[in-house]
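Written below as structure tokens is the structure these notes are about.
Counting from 1, the numbers follow the sequence of the chain as shown.
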Amino acid sequence: MFGISPMQLLIILVIVVLLFGTKKLRGLGGDLGSALKGFKKAMSDDEKDKDADFVAKEKVEDKSTVEAEKTVQQTKSEQKEQS
């Protein structure tokens, strides 16, 4: 359906090199590579932050659960004393 032969690809490559020059293409490739590297680094940092947030939230939830249980026990003991 959309077959491009190797000869057509070579002609397109030559036209692109003539239009932009090798220095601009080399710079463009370097910029693209550094952008991808930065993106990958940001994604891995983001996942580390998510893991750290999850652990921190889990600890907070555990503390609040323990505190709630203590409050319930204190309330029950106070009610028994009043009876």
Side-chain angles (χ1 to χ4, degrees):
M1 181 171 172
F2 188 72
I4 297 178
S5 70
M7 189 62 169
Q8 291 171 333
L9 286 175
L10 184 63
I11 292 171
I12 292 170
L13 180 65
V14 169
I15 292 172
V16 168
V17 169
L18 289 174
L19 285 175
F20 296 107
T22 56
K23 288 185 180 180
K24 283 189 179 180
L25 289 176
R26 190 177 306 140
L28 181 65
D31 292 342
L32 183 62
S34 63
L36 286 174
K37 188 176 182 181
F39 179 74
K40 286 180 182 179
K41 183 180 177 187
M43 290 300 292
S44 66
D45 289 345
D46 188 39
E47 288 188 15
K48 289 178 184 175
D49 290 344
K50 282 183 182 177
D51 291 341
D53 288 344
F54 178 73
V55 171
K57 286 180 184 177
E58 194 173 86
K59 288 180 181 179
V60 169
E61 288 175 2
D62 288 343
K63 288 181 182 178
S64 63
T65 304
V66 170
E67 290 175 7
E69 288 175 1
K70 286 181 182 178
T71 306
V72 169
Q73 289 176 355
Q74 288 175 353
T75 306
K76 285 182 180 179
S77 64
E78 289 174 359
Q79 286 177 352
K80 286 181 183 179
E81 289 175 2
Q82 290 177 356
S83 302

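A distance of 11.0 Å separates CG of Leu36 from CG of Asp31, quoted to the nearest 0.5 Å.
Under a hydrophobic-cluster definition in which Ile, Leu, Val, Met, Phe, Trp and Tyr are linked whenever side-chain heavy atoms come within less than 4.5 Å, directly or via other members, Val17 and Ile12 are assigned to the same cluster. In the hydrophobic clustering of ILVMFWY residues, with side-chain heavy atoms under 4.5 Å counting as a link, Val16 and Leu9 come out apart. Connection of Ile11 to Leu19 is established within a shared hydrophobic cluster, with ILVMFWY side chains joined at heavy-atom distances below 4.5 Å, either directly or through further cluster members.
In terms of heavy atoms, Thr75 sits closest to Thr71 at OG1-O, 2.8 Å.
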